[in-house]
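The first residue of the sequence shown is numbered 1, and numbering continues consecutively from there. Predicted model, so just to flag it, every value in this text is computed and none were measured.
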Amino acid sequence: MKASEFLEKFRRPNFTCDICGREVFGGERICRRCNEALPRIGEKCCPICGRVQHAEGICLECKQTRPLFEAARSLFRHEGEAARLVLRYKNGEKYLSRTILELLLPRFKEFPEADAIAFVPMTARAERARGYNQSRLLAEGLAQKSGLPLLSAAEKVRETDEQKSLGRRGRQKNLEGCFKITEKKAVEGKTILLIDDTLTTGATANELTKQFLAAKAKKVFVLTVTSVGDPTSADPARKRPGSD
Ligand SMILES: [Zn+2]
Ligand SMILES: [Zn+2]
């Protein structure tokens with residue numbers, strides 16, 4: 001047996017915590033301490049966009065403009081280690097998709113109606129630059145684990161400006177017409193669960209939902225890893241990430 005084969009045989013799938021780097025025994029990708037410290041979103045969230053807010057019930061933004069998707073839910077607030085995990089995942093640490101997928105899986109049962117899984121497409125150029133589509137990898141994993149079909153029915157046809165420098169209206173305008181449905185038949189009549197990394201204003205999810213509904217999808221739900229809290233609250237820790 002060659003040394004490399006020997007090492008391969010005895011290598012454990014995960015040896016250190018993906019957050020703190022401490023040794024983990026039992027095959028988990030994140031140690032218990034780090035897992036418990038992640039900023040999970042509990043019950044106190046807007047029933048529509050799923051963002052944490054201080055008040056009860058539907059948040060102000062959803063009251064002002066009701067999103068086109070039925071409901072969105074996120075695992076974590078976009079802060080601390082959760083935000084860092086997502087950013088690392090988007091900035092080259094592709095292997096974290098497995099870690100994040102394991103965290104996402106338990107939330108999947110909250111969408112019993114879903115009969116197809118979709119992701120937010122990137123332009124071919126942006127995908128080449130990153131080397132992968134972070135939203136697609138998660139959607140693929142969920143489709144595999146759940147047995148639901150993965151819809152690869154949308155395309156991003158043009159690059160959009162960095163959303164973070166734009167106001168609310170600007171974001172909507174920036175996104176208009178950037179997605180195109182390439183396989184309308186695959187979308188028709190489907191209740192779609194759209195997967196993405198972070199929900200900021202929800203403008204991206206909303207624009208893609210608009211296209212899915214125009215292609216006669218029945219309903220669209222959204223599941224993201226993190227979401228930025230209630231934009232109307234004066235939380236100084238609140239930061240808008242790059243995408244949304
Ligand atoms: Zn840890
Ligand atoms: Zn809301």
Sequence-distant partners of Gln64, side-chain contact (heavy atoms from CB on, under 4.5 Å), two or more places apart: none
side-chain contact (heavy atoms from CB on, under 4.5 Å) evaluation trace for Lys94 with Arg130: CA-CA 10 Å; Lys94 186 182 173 186; Arg130 180 170 288 158; over 6 Å; no
Evaluation steps, side-chain contact (heavy atoms from CB on, under 4.5 Å), between Ile19 and Arg33: CA-CA 10 Å; Ile19 290 177; Arg33 205 193 309 184; over 6 Å; no
Side chain proximity check, Leu103 to Leu85, heavy atoms < 4.5 angstrom: yes
Less than 3.5 Å apart, which donor and acceptor atoms pair up between the side chains of residues 215-222 and the rest of the protein, not counting sequence neighbours?
| residue | atom | partner | partner atom | Å |
| --- | --- | --- | --- | --- |
| Lys219 | NZ | Glu113 | OE1 | 2.7 |

Minimum heavy-atom distance between Cys31 and Cys20, given as atom pair plus value: SG-SG, 3.9 Å
With sequence neighbours excluded, residues passing salt bridge (Lys or Arg N to Asp or Glu O under 4.0 Å) with Arg40: none
Distance (rounded to the nearest 0.5 Å) between Arg136 CZ and Leu150 CG: 5.5 Å
Residues Val225, Leu138; criterion side-chain contact (heavy atoms from CB on, under 4.5 Å); working and verdict: CA-CA 10 Å; Val225 186; Leu138 297 176; 3.9 Å; yes
Residue pairs, two or more places apart or on separate chains, that pass ring-ring contact (aromatic ring centres under 6.0 Å, His included) and touch residues 187-211: none
Residue Glu56 excluded, over 12 heavy atoms near CD under 6.0 Å: no
Where Leu199 and Ala205 come nearest, the two heavy atoms and their spacing: CD1-CB, 4.3 Å
Single-linkage hydrophobic cluster Ile117~Met122, side-chain heavy atoms < 4.5 angstrom: no
Straight-line distance of Ile181 CD1 to Gln211 CD, nearest 0.5 Å: 6.0 Å
Approximate separation, where rounding is to 0.5 Å, of Glu176 CD and Lys210 NZ: 5.0 Å
side-chain contact (heavy atoms from CB on, under 4.5 Å) assessment of Thr198 paired with Thr224: CA-CA 5 Å; Thr198 302; Thr224 66; 5.8 Å; no
Test salt bridge (Lys or Arg N to Asp or Glu O under 4.0 Å) applied to Arg107 - qualifying residues, sequence neighbours left out: Glu110
Residues that Ala124 engages under side-chain contact (heavy atoms from CB on, under 4.5 Å), provided they are two or more places apart: Arg128
Shared hydrophobic cluster, Leu105 / Val86 (ILVMFWY, side-chain heavy atoms < 4.5 Å): yes
Over all atoms of both residues, closest heavy-atom pair of Arg73 and Pro47: NH2-O, 3.0 Å
All side-chain contact (heavy atoms from CB on, under 4.5 Å) counterparts of Arg84, not counting sequence neighbours: Glu81
Asn206 side chain vs Gly202 backbone, donor-acceptor pair below 3.5 Å: no
Over 12 foreign heavy atoms within 6.0 Å of CZ, Arg32: no
Shortest non-hydrogen contact between Gly189 and Asp115, atoms and distance: O-OD2, 4.5 Å
For residues 65-72, which side-chain N or O atoms pair as donor and acceptor with protein atoms under 3.5 Å away, sequence neighbours left out?
| residue | atom | partner | partner atom | Å |
| --- | --- | --- | --- | --- |
| Thr65 | OG1 | Arg168 | NH2 | 3.2 |

Side-chain heavy atoms of Phe179 within contact of Val120, under 4.5 Å: yes
Joint hydrophobic cluster, Phe111 plus Ile48, side-chain heavy atoms closer than 4.5 Å: no
Gap separating the CZ atom of Arg158 from the CG atom of Leu175, nearest 0.5 angstrom: 7.5 Å
Minimum side-chain heavy-atom gap Lys44-Val52 below 4.5 Å: no
Euclidean distance, Phe25 CZ relative to Phe15 CZ, rounded to 0.5 Å: 6.5 Å
Same cluster (ILVMFWY, side-chain, under 4.5 Å), Tyr95 and Ile195: yes
Test salt bridge (Lys or Arg N to Asp or Glu O under 4.0 Å) applied to Arg88 - qualifying residues, sequence neighbours left out: Glu93
Nearest heavy atoms of Glu155 and Pro121, plus distance in Å: C-CG, 3.8 Å
All side-chain contact (heavy atoms from CB on, under 4.5 Å) counterparts of Thr99, not counting sequence neighbours: Asp18, Arg29, Ile30, Leu96
Pairwise side chain to side chain donor-acceptor pair (under 3.5 Å) hits with a residue in residues 180-194, at least two apart: none
Indicate every side-chain donor-acceptor pair of residues 141-148 with a distance under 3.5 Å to a residue at least two apart or in another chain.
| residue | atom | partner | partner atom | Å |
| --- | --- | --- | --- | --- |
| Ser146 | OG | Leu142 | O | 2.7 |
| Ser146 | OG | Ala143 | O | 3.4 |
| Ser146 | OG | Leu148 | N | 3.2 |

Closest heavy-atom pair and its distance - Thr160, Cys178: CG2-CB, 3.9 Å
Gap between atom OG1 of Thr226 and atom CZ of Phe76 - 0.5 Å precision: 9.0 Å
